Amino acid sequence: MTTADLVILGGGSGGYAAAFRAAELGQSVTLIEKEKLGGTCLHRGCIPTKALLHAAEVADTARAGGQFGVRAAFEGIDLARVHAYKDSVVSRLYKGLQGLAEAHGVTVIEGRGTFVGGTTVDVEGTRYTGRNLVLATGSYSKSLPDLELGGRIITSEDALRLDHIPEKVVVLGGGVIGVEFASVWASFGAEVTIVEALPRLLPAEDEFCSKQLERALRRRRIRFKTGVKFTGARQDECGVSVALESGDTLESDVLLVAVGRGPNTAGHGYEESGLKLERGFVATDERLRTNLPDVYAVGDIVAGPQLAHRGFAQGVCVAETIAGLSPPPIDEAGIPRVTFSHPEVASVGLTEAAANEKYKTGVATLTYDLAGNGKSQILRTSGAVKLVKAPDGRVVGLHMVGDRVGELIGEAQLIYNLELLPEHIAPLIHAHPTQSEALGEAHLALAGKPLHAHS
């Protein structure tokens, strides 16, 4: 048996963040990962998907060159070279991560780990025990009952490896993953239809964001059917037929199943060791402690937004808790959210509906259209910034739609997490011309002194 101060099962965002921070605090760390350090985000999720989205942006820019007086010709997509670019980004980051693990003195064990009780994990017959244990086994792509994956019916992981651009695609699910892949394929020249059972795309976002995005997707000729349920799919060598509850049938070359991700908690010995699960997720308190002594859980196996940066924050929080530093609990609403489609959607804090439910009365909102922002006009992007104000004057929700607005989320999350008033932001000077001015202008207007906004 091998011992350490901290044993971590899972080397994704939450797991390696916990490992690095614990090592910085002087603890010996053993990190167990069955595949590659970095997990889904680095190898099959965030990073490769955003590389494809950047390639898609370049394709759109090439097509639109004439609008800016640039003579450019779009000749098509060389998917092999797109994949080479994507894989090179992943490879460089993976090597950097390996170097960080070595620099921190973290012992990385390659192999499938099973929790066997206490604070012990078994890896192919060798047991690793820590004074504390962190579970960080991530998530998997979900499907629907009676929908068998395989062939032309694919997950997002399969989509990242696809060796051709399908002519027609049906995307089942209008959440972040579905919208991002729909955006990529449309930019690459495919005919795309999104099917979402709930009444709008990005149903977890403010309704304002959904409407803005849907309007933009229509302009891009991306079709979508909302408020309609999927009833079945049949595939053959020619394509996939997708049946909907409305009676419609959609024909496509590929069906992407993007109905969310489930917690990867089965087959790891969790229930057998007495770990409490709720709907498949590991139950924790606000400091991510499980029902078992000295056992913590972080990342996608803990119910809440499944975001890599949430995993980073949770990993750091747990490492510091174990070290006795008493970090503040993480406010889930204060975690920024970005959908990297064209256009992007970025938000932090409460939606208008959630604010009304929480405060009952006195909620105010303000929307600033990007038509009044010089940099947005230079970029030829449309969209808007919406602010949600609580009865006590704090800005409790910030929601943005437009190309590159994801880069504004840093300031937005400071506004929410520092509990600032519009009057605190209004005097700040935002560089001109930048899109960050849109946040400044929105707060000026909410403070009652609009400049480049209609009152």
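Bear in mind the structure is a predicted one, so any value in this text is a computation, not a measurement. In this chain, numbering begins with 1 at the start of the sequence shown.
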Within the 3.5 Å criterion, strictly below it, is a donor on [X] or [Y] matched to an acceptor on the partner's side chain?
{"X": "Arg219", "Y": "Ser382", "result": "yes"}
{"X": "Gln306", "Y": "Ser139", "result": "no"}
{"X": "Ser341", "Y": "Ser183", "result": "no"}
{"X": "Glu344", "Y": "Thr339", "result": "no"}
{"X": "Arg200", "Y": "Thr226", "result": "no"}
{"X": "Tyr368", "Y": "Asn373", "result": "no"}

Who passes ring pair (Phe, Tyr, Trp, His ring centres under 6.0 Å) against [X], sequence neighbours left out?
{"X": "His342", "result": "none"}
{"X": "Tyr85", "result": "none"}
{"X": "Phe181", "result": "Trp185"}

Only distances under 3.5 Å count here; give the side-chain donor-acceptor pairs of residues 97-110 to other protein atoms, sequence neighbours excluded, each with its distance to 0.1 Å.
from	atom 1	to	atom 2	distance (Å)
Gln98	NE2	Tyr94	OH	3.1
His104	ND1	Leu100	O	2.8
His104	NE2	Glu24	OE2	3.2

Inter-residue atom distance [X].[atom1] - [Y].[atom2], 0.5 Å rounding:
{"X": "Gln212", "Y": "Thr367", "atom1": "CD", "atom2": "OG1", "result": "8.0 Å"}
{"X": "Leu172", "Y": "Leu147", "atom1": "CG", "atom2": "CG", "result": "7.0 Å"}
{"X": "Thr381", "Y": "Leu379", "atom1": "OG1", "atom2": "CG", "result": "7.0 Å"}
{"X": "Leu255", "Y": "Lys168", "atom1": "CG", "atom2": "NZ", "result": "14.5 Å"}
{"X": "Leu250", "Y": "Ile194", "atom1": "CG", "atom2": "CD1", "result": "12.0 Å"}
{"X": "Arg152", "Y": "Leu162", "atom1": "CZ", "atom2": "CG", "result": "10.0 Å"}

Give a yes or no on whether the backbone of [Y] and the side-chain of [X] come within a donor-acceptor separation of less than 3.5 Å.
{"X": "Ser210", "Y": "Leu201", "value": "yes"}
{"X": "His83", "Y": "Asp78", "value": "no"}
{"X": "Asn264", "Y": "Thr137", "value": "yes"}
{"X": "Gln435", "Y": "Asp403", "value": "yes"}

Side-chain contact, heavy-atom cut-off 4.5 Å: Thr120 with Phe115?
no
List the residues meeting side-chain hydrogen bond (donor to acceptor under 3.5 Å, both in side chains) with Thr284, not counting sequence neighbours, and say none if there are none.
none
According to side-chain hydrogen bond (donor to acceptor under 3.5 Å, both in side chains), who are the partners of Arg161, at least two apart in sequence or on a separate chain?
Asp158
Indicate yes or no: does Arg127 engage Asp122 in a salt bridge with an N to O separation below 4.0 Å.
yes
Quick one: list whatever passes salt bridge (charged side-chain N to carboxylate O under 4.0 Å, His left out) with [X], sequence neighbours left out.
{"X": "Arg71", "value": "none"}
{"X": "Asp5", "value": "Arg131"}
{"X": "Asp236", "value": "none"}
{"X": "Arg63", "value": "Asp60"}

Between Glu180 and Lys50, does the salt bridge (Lys or Arg N to Asp or Glu O under 4.0 Å) criterion hold? Intermediate values first, please.
CA-CA 9 Å; Glu180 287 186 347; Lys50 277 54 181 181; 2.9 Å; yes
Yes or no on side-chain contact (heavy atoms from CB on, under 4.5 Å) for Leu202 and Val179, after CA distance, side-chain angles and deciding distance?
CA-CA 8 Å; Leu202 298 185; Val179 166; 4.1 Å; yes
Under 3.5 Å, which donor-acceptor pairs link side chains of residues 405-413 to any protein atom two or more places apart or in another chain?
from	atom 1	to	atom 2	distance (Å)
Glu411	OE1	His430	NE2	3.3
Glu411	OE2	His430	NE2	2.8

Please assess Arg21 against Glu320 for the test salt bridge (Lys or Arg N to Asp or Glu O under 4.0 Å), listing each intermediate value before the final yes or no.
CA-CA 7 Å; Arg21 184 62 180 132; Glu320 294 182 350; 2.9 Å; yes
Given side-chain contact (heavy atoms from CB on, under 4.5 Å), test Asn132 with Thr119 step by step and report yes or no.
CA-CA 6 Å; Asn132 291 276; Thr119 54; 5.7 Å; no
Please list every donor-acceptor pair under 3.5 Å in which a side-chain atom of residues 308-319 meets a protein atom from a residue at least two apart or in another chain.
from	atom 1	to	atom 2	distance (Å)
His309	NE2	Pro336	O	2.6
Arg310	NE	Pro305	O	3.4
Arg310	NE	Glu332	OE1	3.3
Arg310	NE	Glu332	OE2	3.1
Arg310	NH1	Gly299	O	3.2
Arg310	NH1	Val302	O	3.2
Arg310	NH1	Pro305	O	3.2
Arg310	NH2	Val302	O	3.2
Arg310	NH2	Ala303	O	2.9
Arg310	NH2	Glu332	OE1	3.3
Gln314	OE1	Gly299	N	2.6

I want to check a possible cation-pi pair here: Arg380 against Phe68, using under 6.0 Å from ring centre and within 45° of the ring axis as the test.
yes
